[in-house]
Structures are given as structure tokens and as C-alpha cells.
2 protein chains.
Amino acid sequence: MSERIHATYWLETGDDPRRAADVIAGEQSSGTFVALPGETPELKARSGARVERLDILETVDKPSLPGGMKSGVYTRCTLELSWPIENFGPSLPNLMSTIAGNLFELRQVSGLRLTGLKLPASFAAAYPGPAFGIDGTRKLSGVTHGPLIGTIIKPSVGLSPEETAQQVRELVEGGIDFIKDDELQADGSHCPFDERVKAVMRVVNEHADRTGKKAMVAFNVTGDLDQMRRRHDLVLAQGGTCVMAVLNSIGLVGMHELRKHAQLPIHAHRAGWGYLSRSPELGWDYAPWQMIWRLAGADHLHVNGLRNKFSEPDESVIAAARAVLAPVMPDAPMTAMPVFSSGQTGLQAADTYAALGRADLIHTAGGGIFGHPQGVAAGVEALRESWVAAIERVPLEMHAERNPALRAALGFWK
Amino acid sequence: MSERIHATYWLETGDDPRRAADVIAGEQSSGTFVALPGETPELKARSGARVERLDILETVDKPSLPGGMKSGVYTRCTLELSWPIENFGPSLPNLMSTIAGNLFELRQVSGLRLTGLKLPASFAAAYPGPAFGIDGTRKLSGVTHGPLIGTIIKPSVGLSPEETAQQVRELVEGGIDFIKDDELQADGSHCPFDERVKAVMRVVNEHADRTGKKAMVAFNVTGDLDQMRRRHDLVLAQGGTCVMAVLNSIGLVGMHELRKHAQLPIHAHRAGWGYLSRSPELGWDYAPWQMIWRLAGADHLHVNGLRNKFSEPDESVIAAARAVLAPVMPDAPMTAMPVFSSGQTGLQAADTYAALGRADLIHTAGGGIFGHPQGVAAGVEALRESWVAAIERVPLEMHAERNPALRAALGFWK
């Protein structure tokens, strides 16, 4: 039996749901709007997308999105389609065109969201997945258990290379595990990439030579392909252990090429995720989206954070993190490390751990670390101790009694 | 004075609009949610995004998108921001992170759509733009004036290389100017790319040798970078004159690399555009989106068609086509050719021409050509004659009196 690709959607339609499902299946495979002379039953059986499941959820009387067919009733359903691998082969770009192509524009559609994806084994043979993932990241960072305690260089843009290095000095002396560039900081003329990497790695290497602990710094290499390769090589040459790329900015081919070239973990930023997901009736769930990028090679994937400063609800954050930690397929787990950020402090540690049941993650805090009244080292320690408490399932206040840094942190975290 | 990048948004916010604008400007430049010790007034003046314009449009009592801050009133406005080029340099990927990054996820935002983009000259110096555009496409196709009359191979997926070539034979003998692969047809095992190109180009070349007219065939090279390069080279070696790529599937780096490698026009497909645009309160307008892809090298850009079978209204289609025909900047027009498709026949020619005032475009029809009772040649002729009538501003029925193919077409076009 031939391999098939399965995609699941939340669909809202003003048409008869079965007819809408058939139209979507046709549009995304052999068909078009009208019957075609060449579209024989044999061809359709061989190449047509198949409606595997159509479950009615509810009906509403107004369409979520404009432009669709007019109707008195709009039906919401779960739709699962499948395609034979022969249509396009194990190709991530062509998978994109098929599962997330023209279908969103159909008049039969007044709402459509891609919620699930199941890929056959040939995709794991065609794509490398993350080169480092959880184990490789732990090895390079020296953090053998618990989360990597991380932070982001702020102000996002505007610091000089030397000012950036000065901030990094404070952080590594404070015992930080992980630091990242802001996604807006790449190679601006006030803080050129090369100078920044050299200045920062001088500090990181000095500290590592002295203490044996080398913080992992994700330098934002986002750019054109030649730039990304050259920047990666500089990070590697300077003893750096991570590069960062903004997925929606470089695209799938960019990520695939960076992965082929890279000898370091790729920290994958999802800036732009809002325009793909913020309307609940349109676009992408995180689970199918992150799966594609993991196949292409993402080692770390941003998932926002509990009680974040953005608009994403907690259940969506946890679903995203679980998706990143779930195997891509049974024989090819390709597990990546979820990155929690945005308004984070130690107060979210226990709930995050309880929801995931593991601490294979990066937890980044900005104000939660820098704002500590006893300084950065105490900020890092307080966040790390929050995780000790979470993993040991000790209430934070009780754990704080034994730890002055955490005790002080509880006074300003909120 | 330093160069600045300008982006315009349609914004809906539950916050005070001025404060929301400041938060967005901060998030997308030097700032974060809270005041930072390093974010000095000097740094902010140098690197901060600037609110250039904030025009209140109206207020509503319900938020368009969920997850934002709660309020009794939501204000809709036009917001223009600008950034100094020093923040990230003339880099398209980093432009993306900046103008279309985290901002869509802000709690201050209950609706956000990128509606306009103005780039400084350094972007035109850094990126090549289309290598062929309108003039190069006319030269290669031999169509010196009027639109290129085109069609799409259907069924989309499932034909063998020989069946595809047979369909192409009918089309080139019918005088077609332009043929494209479906965006779902790339390199599936039932119709491998190499065999398809060879079989099709045998037909196209034979016809060209005999008649002097070589139809332009856009072969869908979408895939990983090595595959795209190799496929492009095969098309070139076989005498082909166009390659096609699905922009959202390959991403910006993919397009930039394809452009660097290509010696043929790049026909840019926008499959997936629906998830970027179908919610009016979220995502992208076509004008800023297509500008980015033109800088990266797109020669032809899909714009849907008047009275199309999808959900896009006519005014949006025309706005998109006008954007593609407008200069990217005064000294670097980088004009590309808009591609009209979806439910098209000669009936849309006059309105399309009237709206654009020019015919530098590709007009593709499927059923409108194949369905002609006198065959494909008559279908091509009828569509071409509709454009003659449109350009001469002669009513279609009157022109049909002199043209039997058009007369017959008017009987079945609807």
C-alpha cells in the first residue's frame, strides 16, 4: 500500500459540508472547479485527495470570514484529508503547497485552520531533522538536567557590540546557561554582526576558560543564504555554540540550507507567528507548523510562555510545547527543545513543569532576572531554584525559605 | 539624513491608540514591555521606531480578534511607523522580522494588517529585482503587445508526462502563448519533473521550429534548493523559457537563491495567500507582500482575476494588479507582470483593461479555452480577440460579429 499524507482541518462552510470537503479535496489534488475531460475515475482514484473524516461540530448563522458563499447556516466540522505520496514525493515545500495552498481562498470556506499533520516515513528519510535537539543542546551547554536558564539581550536594538558584551559579562558571571539576540538584532550598522560575535565570545570564552562553564549564545544569523552561512562560520570559529534564525523571514529553503551547512544547534524564532495564527478561524495551529520546521532542522522552537505578555492563552502555549516535545513520527522522534519566553519568571516554573512532566526546555526571563534586587546572579539563581522546587514538587514559598535569592525574587516577581 | 523604512498598518486596539502605537513601535525596535535601564533617550532616538502617523478611523464595541486586552471600546486607525535603516540594513529577511514580526501577537492589538511599505534606495542596491519582467517576458514569448494568452495544465495532478505533452501539443497548435504547471504538480512519481519537461519541450520545440512561435511554459521547480537549481538547468537545457515557484512554500531565501541562479523568468505563485490575507483584520495586504517578492526577483505574480471562483472581491484583485505594475521605487521600477487566473474567460478582458489601462499581463483560462465548441485553437483566438476588443474599446458583441471563434465563445462563456 502506498504511503499517504494526512492533514486535519477545522472547517467552517456555508455549503453542504460533504460537498465542501469534496471541493477542497479536489482543489488540492487532481480537480478544479468544473469536471475535466482528463479527470477520469482511474486518475481520481490514483491522485485525488481522499476525505478520511468529516465530523460535524456545530452550526452558526454568520460566516467567520467574508467573501465566501452566502448561506443561512454555516457548518463547522473537523475534516481530515489524505493524499498519496506519489502526488509530490517527500518534499516539504510541495507539502506546503498541498496542505496549505489555495484551499483557504475557496468560496466554500468561511473558516479554515490546519490543526494536524501526519507524515509518512519517507519524509524522515528525506529530511534530517534537528542535528542537536535536547541531548545535543544539553551537551554543548553543560546543563545535564532541568531547564536551561536563559535571557534575551535588551534593549533589542541599539546597543553597540561592546555594550552588548558588557551585558553578556554580567550574565555569564551570574551563571546564566543561555542568552539570545533579539530577533530584530541581526547586522545593523550600529551593532555589526561580526563585531558583536567577537566581543561577546571574548567574554564567554574567558569565563569558560576560568570556570569551565560556557554559556550558549544564540546569535541571530537571519539574512540571505550567503550571509547566514558566513555568520554561522564566524560563530563557530569564535567558539560559539548556537545560531538563531527567524523561520518566517528565511522560509523553508533557507532553513533547510542552514541546517545542511550548520555545525551548531539552530535556535528557531517564530516572529510573525501572529499573522499565521491570531484569527482562530484561519491559518495554522502550532502542531503542524512546528513539525515542518523540525523536519527541516530546528533544534529549539519558541512557544511563548504561561501568563505571557502577548495574546496567546495558556492552553495554546502548553499544546505548542507538547507538540515540540512529541515525536515527529514513531521511528523518527526528531525532538526539539521548546523555548519559553515573554513575561516569564520563576512563578511559571511549577505550572509549566506540571503541564509538561519534564524540564527539557529553555526558560528565558528578562525583567525576571535583571530586576532582581540582589543583581543578575541572584536573578539567575532564583529562576533556577524555582525549577528545583517545581521538579521536587515543593511549594515555591517553602523552597524560598532555604534560598535567600529566591526569597528576594518572590518580593518583586508578579 | 539617514534612510528610513516606512510601513503602514490598519490597527484595531482596545488601548488608547497613541499608547498602542508606542507599544508597537517599541516592541518592533529598541523596547520591550517594561522600561529598560539601557534604553536611554539617546538610544531610543537613534534606534527606536517612530510613529509617523496615527489617524483614527472609527470605533467598535467588540474586538475583531480574541486574546487582546479587554475594553469597552476598540479604536480602528491607520498607523504609519518608520525605522532607521541602521537597525538591520537593507536585508529582506530582517525587514520581515521587523515589519511583520511579534507585533501581531501584542495584547494591545485586536486587529492588525500590514497595508503599505516604502523602502529606501539601499534595498534596490542590495536586491536584483526581476531579471526579465514585462520586457523580457515579451521578448522570450514573442508577444509584443496585448496580454499573453495562457492556460494551466489540468487535471492538476495525475497526468503522465506523455499525457501532459499531448495536452501541450493541442495548446501550442492552438496558438497559446503561455502554459503553466499546476502549483501542485512538481516531481511526483506519476509525472516526474525531468520526464515531463523533456516530453513537453519536445512538443514545444518542434512547434517552434515549424512555426517560429515558442510558447512559454512555466515548469514548477518548487522544491529544495538543489532540486530547484537542477530543475531550472534542465528546463534551460531543453530550450524552455520559464520556471515557476510557489513563494510561500520556498520562502524568501529560496526565492533569492533561485533568482541568483536562474537564467529564465520566474513565475511566482502565491498559493497559501489565503492564510495570510483572508481575515480582513489580520495579516497582509498584497501591495507590501508582492513588493518584497519583486525585490527578491519575481517576474510574474499571481493576482487572481475579476469575478474569480475564489473569495476575493474584484477591487482587491485590481489593487493587487496595480501594485504589481507600480514601481517598487522611483529609480528602481522592478515592474513585474501580473497573472490573472481563476474562472477567467474573454468576458473579463474589457473590465480588466479598463481598470489597469494597460495589457502587460498574463491572462490564463482553463475551461474558457478548453470548453470552446470549435476546439482549443478557437478558444485561444476567442480570448485573444476579446482583448483586441477591450484595447480598441469595442463592445464584445460588436467585435464578435467579425470573429466566428469569439462569436461561438460568447455562447458558452458565462
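Keep in mind that this is a model prediction, so the values were computed, not measured.
Among A:Ala186, A:Gly223, A:Ser316, the residue with the largest count of heavy-atom pairs under 4.5 Å with chain B is A:Gly223. Between chain B and the options A:Leu92, A:Asp226, A:Leu112, the largest number of non-hydrogen pairs under 4.5 Å is found for A:Asp226. Between chain A and the residues B:Val246, B:Leu247, B:Leu225, the largest count of heavy-atom pairs under 4.5 Å involves B:Leu225. Ranking A:Leu252, A:Leu184, A:Asp187 against chain B, the residue ahead of the rest is A:Leu184, based on heavy-atom pairs under 4.5 Å. Interface check for chain A: of the options B:Pro93, B:Ser279, B:Gly67, B:Ser91, the most heavy-atom pairs under 4.5 Å are formed by B:Pro93. Of the listed residues (B:Glu281, B:Arg46, B:Glu183, B:Glu42), the one with the most heavy-atom contacts under 4.5 Å to chain A is B:Arg46. For the set B:Gly272, B:Ser249, B:Ser97, B:Ser189, the entry with the most heavy-atom pairs within less than 4.5 Å of chain A is B:Ser249. Ranked by heavy-atom pairs shorter than 4.5 Å toward chain A, the options B:Gly254, B:Gly158, B:Gly251, B:Gly371 are led by B:Gly158. Contact count versus chain B (heavy atoms, under 4.5 Å) is highest, among A:Pro66, A:Pro84, A:Ser110, A:Gly68, for A:Pro66. Contact tally against chain B (heavy-atom pairs below 4.5 Å) for A:Asn220, A:Asn304, A:Val109: the top residue is A:Val109. Ranked by heavy-atom pairs under 4.5 Å with chain A, the first of B:Trp284, B:Trp273, B:Phe88 is B:Trp284. Contact tally against chain B (heavy-atom pairs below 4.5 Å) for A:Gly283, A:Gly89, A:Ala100: the top residue is A:Ala100.
Looking at A:Arg270 and B:Glu105, a side-chain N of the basic residue comes within less than 4.0 Å of a carboxylate O on the acidic one, giving a salt bridge. Checked for salt-bridge contact, A:Glu257 and B:Arg229 miss the test: no charged N lies under 4.0 Å from a carboxylate O.
Residues A:Phe123 and A:Glu3 form no side-chain contact, since every pair of their non-hydrogen atoms from C-beta on lies 4.5 Å or further apart.
Contact annotation for B:Leu103: neither backbone nor side-chain heavy atoms come within less than 4.5 Å of a heavy atom of chain A. Contact of B:Thr98 with chain A is made through backbone and side chain together, with heavy-atom distances under 4.5 Å. Contacts of B:Met228 with chain A are made by side-chain atoms alone, with heavy-atom separations under 4.5 Å and no backbone atom involved. Using a 4.5 Å cut-off between heavy atoms, B:His190 touches chain A through backbone and side chain atoms alike. Contact annotation for A:Gln28: both backbone and side-chain heavy atoms come within less than 4.5 Å of a heavy atom of chain B. Residue A:Ser29 touches chain B through its backbone alone, counting heavy-atom pairs closer than 4.5 Å. For A:Leu258, no part lies under 4.5 angstrom from a heavy atom of chain B. When heavy atoms are compared at a cutoff of 4.5 Å, B:Asn102 approaches chain A by way of both its backbone and its side chain.
More than 12 heavy atoms of other residues, nucleotides or ligands sit less than 6.0 Å from atom NZ of A:Lys260.
Remark: A:Arg278 is not positioned above the aromatic ring of B:Phe104, lacking an NZ or CZ atom under 6.0 angstrom from the ring centre and at most 45 degrees off the axis.
Atom-to-atom distance recorded for B:Leu65:CG and A:Leu282:CG is 10.0 Å, nearest 0.5 angstrom. Between atom CD1 of residue B:Ile24 and atom CD of residue B:Gln108 there is a gap of 7.5 Å, rounded to the nearest 0.5 Å.
The shortest heavy-atom contact between B:Ser30 and A:Val157 is CB-O, 3.4 Å. Of all heavy-atom pairs spanning A:Ser341 and A:Thr364, the tightest one is CB-OG1, 3.0 Å.
Between A:His256 and A:Tyr127, the angle of the ring planes goes over 60°, which puts this pair in the perpendicular group of the 30/60° scheme.
By the salt bridge (charged side-chain N to carboxylate O under 4.0 Å, His left out) test, A:Asp285 is found to be paired with A:Arg113, residues two or more places apart in sequence or in another chain being considered. Every side-chain contact (heavy atoms from CB on, under 4.5 Å) that A:Glu162 has, sequence neighbours left out, goes to A:Ser160, A:Ala165, A:Ala199, A:Arg202.
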